[in-house]
Q: 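First, the structure itself, so that you have it in front of you.
We count ligands from 1, going down the list as the structure has it; atoms in each ligand are counted the same way.
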Amino acid sequence: MSTEAVVLVGGRGMRLRPLTLSAPKPMLPTAGVPFLSHLLARIREAGIEHVVLGTSYKAEVFAEHFGDGSDFGLRLEYVVEREPLDTAGAIRNVADRLSADDVLVFNGDILSGADLGDLLRTHREAEADVTLHLVKVGDPRAFGCVPTDPDGRVTAFLEKTENPPVDQINAGCYVFRRSVIEDIPAGRPVSVERETFPGLLAAGARIQGYVDDSYWLDIGTPAAFVRGSSDLVLGKLPSTALPGPVGEALLLDGAKVDPEATVVGGSTVGAGGVVASGAEVTGSTLFDDVRVDAGAVVERSVVGAGAVIEAGAVVRGAVIGDGVTVGAGCELLDGVRVWPGVELPPGGVRFSADR
Ligand code: GTP
């Protein structure tokens, strides 16, 4: 039986601002390539060639990079929403591009190690209308949870609570029977979590859960984004899209790291980057052409293209926009976000978003 994939990439990525002011979230450089490259590689490895991208925010950027998909062994199509249609609305909006019986749908901001072949098998064996990938997480309180019965059938979609009855959550990857997609109302925003899934359950549809405890990360926040990028570099989640060997650091074309500098923890130094003597870069993602001067410390942070971290500055758990200068001796601590182009003068300014 044939399968096709839909990837939802139309969100504004508000939680990742200022990085998403210039690029949509799925196009942010993640372990050296656009985030979406890692997902497309997994889809291709599952034997799926036809992929439809549901786009809205900064729609043109995707086609500029991925083209018709042939360089990636895929047949890619792009569908642009005039107004954002939310998740289910976006799936409905691409229905006329689909012809397979089963359609794999992915949120375009999830890193996951789920076995897609096994997910599809589960869907077919259960003869389900929709099958959801459900992942077991250590602390489910931050998510809505999705209980299943002993046959794996979904019994409810529960809101976030302090005492979730199960530790399995919606992992943002589904198999839809194509006819179910056609039944989603067209031309208006519809949410899969709030409207489509609860509606299907109430109508008696067969909704199956595929539960595992594979690697799973929603990269929607700066802390999660930088962790995901580092995990890919370290090989915690293998990806054939990684443009270099697995290791403590990924150095892209022309990146220069002084022998007296330390770059570890799955950090990426983008093309043309320079890390000077005595600098320490740990678990961080430096986009292209970033300069980290002598003795500076960059930890768990994302640093936008062309930014400069001057000598002795400390950047921990922060997001530094494109073209920013962090002056010598400044300290930017957990949660700080600096908008593109800002120049922080030398002199030991200390900012922490937590206080
Ligand atoms: P935040 O603004 O930070 O919440 O991020 P987001 O806009 O990406 O929203 P969210 O993380 O909830 O979205 C989950 C997935 O659905 C992401 O891959 C989004 O790109 C995608 N998505 C969300 N809304 C839309 C939409 O209206 N249209 C399309 N095509 N995709 C969407």
Side-chain angles (χ1 to χ4, degrees), residues 4-28 30 34-40 42-43 51-63 65-66 76-98 103-112 114 130 132-135 137 142-144 146 157 159-160 169-174 176 181 184-197 216-229 302 319 321 335 337 339 353:
E4 297 168 306
V6 173
V7 186
L8 304 179
V9 293
R12 295 190 68 87
M14 298 296 277
R15 289 167 299 158
L16 271 177
R17 286 188 306 166
L19 303 171
T20 44
L21 295 174
S22 53
K25 177 165 53 172
M27 292 303 289
L28 291 177
T30 314
F35 179 82
L36 189 58
S37 308
H38 300 287
L39 176 55
L40 292 178
R42 281 184 65 229
I43 291 173
V51 181
V52 185
L53 299 187
T55 70
S56 169
Y57 178 61
K58 295 195 182 290
E60 66 292 345
V61 184
F62 295 94
H65 183 85
F66 290 104
L76 284 182
E77 285 191 77
Y78 305 87
V79 178
V80 184
E81 292 151 38
R82 245 176 270 133
E83 297 293 327
L85 291 172
D86 207 338
T87 42
I91 301 168
R92 175 64 182 89
N93 195 49
V94 306
D96 65 351
R97 308 298 178 99
L98 302 169
V103 180
L104 258 172
V105 176
F106 296 87
N107 279 358
D109 56 355
I110 302 289
L111 268 184
S112 156
V130 179
L132 279 77
H133 175 211
L134 305 176
V135 71
V137 292
F143 307 89
V146 185
F157 290 93
E159 301 280 333
K160 278 184 211 174
I169 64 157
N170 176 355
C173 168
Y174 324 107
F176 274 79
I181 294 179
I184 297 170
R188 69 165 172 89
V190 185
S191 153
V192 273
E193 296 92 343
R194 286 187 299 279
E195 187 170 339
T196 305
F197 292 154
W216 184 85
L217 187 68
D218 172 344
I219 56 110
T221 63
F225 173 77
V226 76
R227 180 147 35 94
S229 183
V302 191
V319 178
R337 299 165 191 240
W339 249 239

Q: Consider every N or O of Met14 and every N or O of ligand 1, then say whether any pair is closer than 3.5 Å.
A: yes
Q: Which atoms of ligand 1 have any heavy atom of Arg15 under 4.0 Å away?
A: 1 (P), 3 (O), 4 (O), 5 (O), 11 (O)
Q: Can you report which non-hydrogen protein atom sits closest to atom 23 (C) of ligand 1, along with the distance?
A: Gly11 CA, 3.8 Å
Q: Could you check if a side-chain atom of Leu111 sits within less than 4.5 angstrom of a side-chain atom of Thr30, using non-hydrogen atoms only?
A: no
Q: Geometry only, no angles: is Asp109 polar-contacting ligand 1 at N/O separations under 3.5 Å?
A: yes
Q: Tell me, please, which residues at least two apart from Arg12 pass salt bridge (Lys or Arg N to Asp or Glu O under 4.0 Å).
A: none
Q: Which atoms of ligand 1 sit under 4.0 Å from any heavy atom of Ala90?
A: 28 (N), 29 (C), 30 (N)
Q: Can you tell me which residue and heavy atom of the protein come closest to atom 26 (C) of ligand 1, and the distance to 0.1 Å?
A: Asp86 N, 3.5 Å
Q: Kindly indicate whether the side chain of Asp218, heavy atoms from C-beta on, has any atom under 4.5 Å from the side chain of Asn107.
A: no
Q: Please tell me if atom 11 (O) of ligand 1 is touched by the protein, where touching means a protein heavy-atom distance below 4.0 Å.
A: yes
Q: Could you tell me, atom by atom, which parts of ligand 1 come under 4.0 Å of a heavy atom of Pro84?
A: 27 (O)
Q: Does Ala88 offer a backbone N or O that forms a donor-acceptor pair with the side chain of Thr196 under 3.5 Å?
A: no
Q: Can you pull out the closest protein heavy atom to atom 31 (N) of ligand 1? Residue, atom name and distance to 0.1 Å, please.
A: Gly10 N, 3.0 Å
Q: Relative to ligand 1, is Leu85 under 4.0 angstrom through side chain, backbone, both or neither, heavy atoms considered?
A: backbone
Q: Give the residue and atom name of whichever protein heavy atom lies nearest to atom 30 (N) of ligand 1, and the separation in Å to one decimal.
A: Glu81 OE2, 2.6 Å
Q: Taking side chain to side chain donor-acceptor pair (under 3.5 Å) as the test, write out the residues that go with Arg17, two or more places apart.
A: none
Q: With a 3.5 Å distance limit and no angle check, can you tell me whether Lys58 reaches the backbone of Leu21 through a side-chain donor-acceptor pair?
A: yes
Q: Identify, by atom number and element, the atoms of ligand 1 in contact range of Gly108, meaning under 4.0 Å from any of its heavy atoms.
A: 18 (O)
Q: Numbering the atoms of ligand 1 from 1, which are under 4.0 Å from a heavy atom of Thr87?
A: 16 (O)
Q: Can you tell if the side chain of Asp86 reaches within under 4.5 Å of the side chain of Arg194, non-hydrogen atoms only?
A: yes
Q: Counting non-hydrogen protein atoms only, what is the nearest one to atom 7 (O) of ligand 1? Give residue, atom name and distance.
A: Arg12 N, 2.9 Å
Q: Please verify the inter-ring angle class for Phe143 with Trp216; under 30° counts as parallel, over 60° as perpendicular, anything in between as tilted.
A: perpendicular
Q: Using the rule side chain to side chain contact (heavy atoms under 4.5 Å, CB included), only one of Ile169, Val146, Ile110 pairs with Val135; which is it?
A: Ile169
